[in-house]
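Let me begin by presenting the structure, written as structure tokens, before commenting on it.
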There are 2 protein chains.
Amino acid sequence: MVPDDSEEALIDGLVRSAFQVMGVLTRIGAEHDLSLTQLRVLGIVRDRRPRMSDLAAFLGLDKSTLSGLIDRAERRGLLARTTSPDDKRAVVVLITDAGRDLTQRLYEQMRDALAPATGRLGARQRHELTELLETVLTPPLPSTPRPATQR
Amino acid sequence: MVPDDSEEALIDGLVRSAFQVMGVLTRIGAEHDLSLTQLRVLGIVRDRRPRMSDLAAFLGLDKSTLSGLIDRAERRGLLARTTSPDDKRAVVVLITDAGRDLTQRLYEQMRDALAPATGRLGARQRHELTELLETVLTPPLPSTPRPATQR
DNA sequence: TATTGTTATACTCTATAACTATA
DNA sequence: TATAGTTATAGAGTATAACAATA
């Protein structure tokens with residue numbers, strides 16, 4: 001399939017927006033001495049109790065990488081390790097209260113940082129963009145049901 | 001300003017799409033032993049001749065980081081250094097033929113990798129999404145590290 | 001035997017501090 | 001003095017290989 005101009009422009013937009021969003025996340029993470037990966041781990045573990053291997057698979061990282069990652073987060077009191085009762089080989093990662101608090105703050109900062117950008121759209125356009133993004137990037141991964149957090 | 005649900009959903013979409021696009025870029029880069037940062041540098045230097053400090057400012061990295069980055073790319077024959085005739089302190093970075101060829105291949109792979117996603121939209125929707133992305137992420141995202149010199 | 005994690009090792013990315021050369 | 005880059009150093013992120021414990 002020969003790519004036309006509109007496809008080229010779209011890809012460009014997607015890539016640029018990705019870099020900008022990542023820039024925001026990187027900055028917010030850095031303010032708390034957290035890398036992008038640590039940020040992701042916190043986001044995942046926030047409402048899940050994955051095993052090391054689950055995390056590694058989900059993040060596309062080697063298990064040895066996870067060991068170090070979790071080590072550092074554990075040393076900071078953000079995460080904790082437990083042995084699985086089902087499989088004595090497995091290590092389950094869970095978030096601590098401190099980790100949860102920090103994660104909450106991170107989410108709020110992220111929202112605030114992106115608000116000026118998203119605020120440039122009206123409700124109608126926001127909805128439109130959300131739908132289009134969903135369509136384009138349909139995730140083949142089963143997303144975990146998020147409890148409707150009231151606020 | 002109290003964020004409503006539609007804003008929350010949009011931010012979620014933007015962040016997830018960013019991670020997915022970054023995933024694609026990371027994978028393609030890895031296939032050529034290039035980090036995300038190296039990828040960006042190639043993309044920038046492809047049609048520009050920035051000085052080290054320009055690159056550092058644009059990427060939001062320290063100059064010393066750039067030294068190492070350019071060292072490695074130079075060692076691989078992808079980039080080259082020249083001294084600026086205007087300012088004997090300044091070092092201008094430029095892309096080699098090999099670097100240009102590789103960059104071209106990277107772009108094509110990127111397009112191919114994202115095509116299944118973008119292909120899910122019709123021409124009309126593609127246009128729509130492109131426009132919306134432009135609107136949302138246009139000017140100064142509050143976090144973008146921009147050199148104070150311009151703007 | 002296969003799987004789960006950790007450890008040892010090595011390389012890249014990153015920043016800070018100290019330094020050289022030029023402005 | 002101030003700016004442009006490099007180097008030395010240190011810590012985090014990453015993968016590969018070798019290993020221990022469990023399945």
Side-chain angles (χ1 to χ4, degrees), chain A residues 19 22-23 25-42 44-45 49-76 78-94, chain B residues 19 22-23 25-42 45 49-76 78-94 145 147-150:
Chain A
F19 271 115
M22 286 328 234
L25 297 188
T26 301
R27 176 179 59 70
I28 292 174
E31 285 171 14
H32 298 271
D33 278 301
L34 290 169
S35 71
L36 229 45
T37 308
Q38 298 271 19
L39 229 56
R40 287 185 79 185
V41 170
L42 284 176
I44 293 166
V45 176
R49 296 202 166 186
R51 310 189 314 169
M52 296 292 282
S53 54
D54 297 332
L55 271 177
F58 187 79
L59 296 170
L61 297 172
D62 192 88
K63 292 150 193 189
S64 62
T65 300
L66 258 289
S67 286
L69 234 28
I70 304 302
D71 277 353
R72 289 182 286 272
E74 196 175 20
R75 216 176 298 139
R76 290 178 57 179
L78 302 174
L79 300 179
R81 280 173 163 100
T82 326
T83 325
S84 165
D86 308 326
D87 185 338
K88 293 246 176 71
R89 296 171 302 178
V91 169
V92 169
V93 180
L94 39 91
Chain B
F19 271 117
M22 287 326 235
L25 297 189
T26 301
R27 178 178 57 71
I28 291 175
E31 285 171 14
H32 297 273
D33 277 302
L34 289 169
S35 71
L36 227 48
T37 308
Q38 298 271 18
L39 229 56
R40 288 185 78 185
V41 170
L42 284 177
V45 177
R49 296 202 167 187
R51 311 191 313 172
M52 296 292 282
S53 53
D54 296 331
L55 272 176
F58 187 79
L59 296 169
L61 297 172
D62 192 89
K63 291 151 194 191
S64 63
T65 300
L66 258 290
S67 286
L69 233 29
I70 304 301
D71 277 352
R72 288 182 287 273
E74 196 175 19
R75 216 177 298 138
R76 290 177 58 179
L78 303 174
L79 300 178
R81 280 174 163 99
T82 324
T83 324
S84 166
D86 307 327
D87 184 338
K88 292 248 176 68
R89 297 171 301 178
V91 169
V92 170
V93 180
L94 38 91
T149 55
Q150 50 196 4

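Only a predicted model underlies this, so the values are computations on that prediction, with no experimental measurement involved. Per chain, numbering begins at 1; letters A, B, ... match sequence-line order.
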From CZ of A/R27 across to C1' of C/dT14 the rounded distance in Å is 18 Å
Any side-chain heavy-atom pair from B/I70 and B/V41 closer than 4.5 angstrom? yes
Considering only heavy atoms from C-beta outward, does the side chain of A/L69 approach that of A/L55 to under 4.5 Å? no
Measuring only between side-chain heavy atoms, which start at C-beta, is B/R81 closer than 4.5 Å to B/M52? yes
If I take atom CG from residue A/L94 and atom OG1 from residue A/T82, how far apart are they, to the nearest 0.5 angstrom? 4.0 Å
Taken to the nearest 0.5 Å, the spacing of B/R51 CZ from B/T83 OG1 works out to 12.0 Å
For every nucleotide of nucleotides 3-12 of chain C, 5' to 3': is a protein heavy atom under 4.0 Å from its base (B), only from its sugar-phosphate (S), or from neither (-)? BSSBB----S
Does B/R49 CZ have over 12 foreign heavy atoms under 6.0 Å away? no
Between B/L78 and B/L34, is there a side-chain heavy-atom distance shorter than 4.5 Å? yes
Rounded to the nearest 0.5 Å, how far does NE2 of B/H32 lie from CZ of B/R27? 9.5 Å
Does anyone know the first and last nucleotide of DNA chain D in reach of chain A, 5' to 3', at under 4.0 angstrom to a heavy atom? D/dA12 to D/dA23
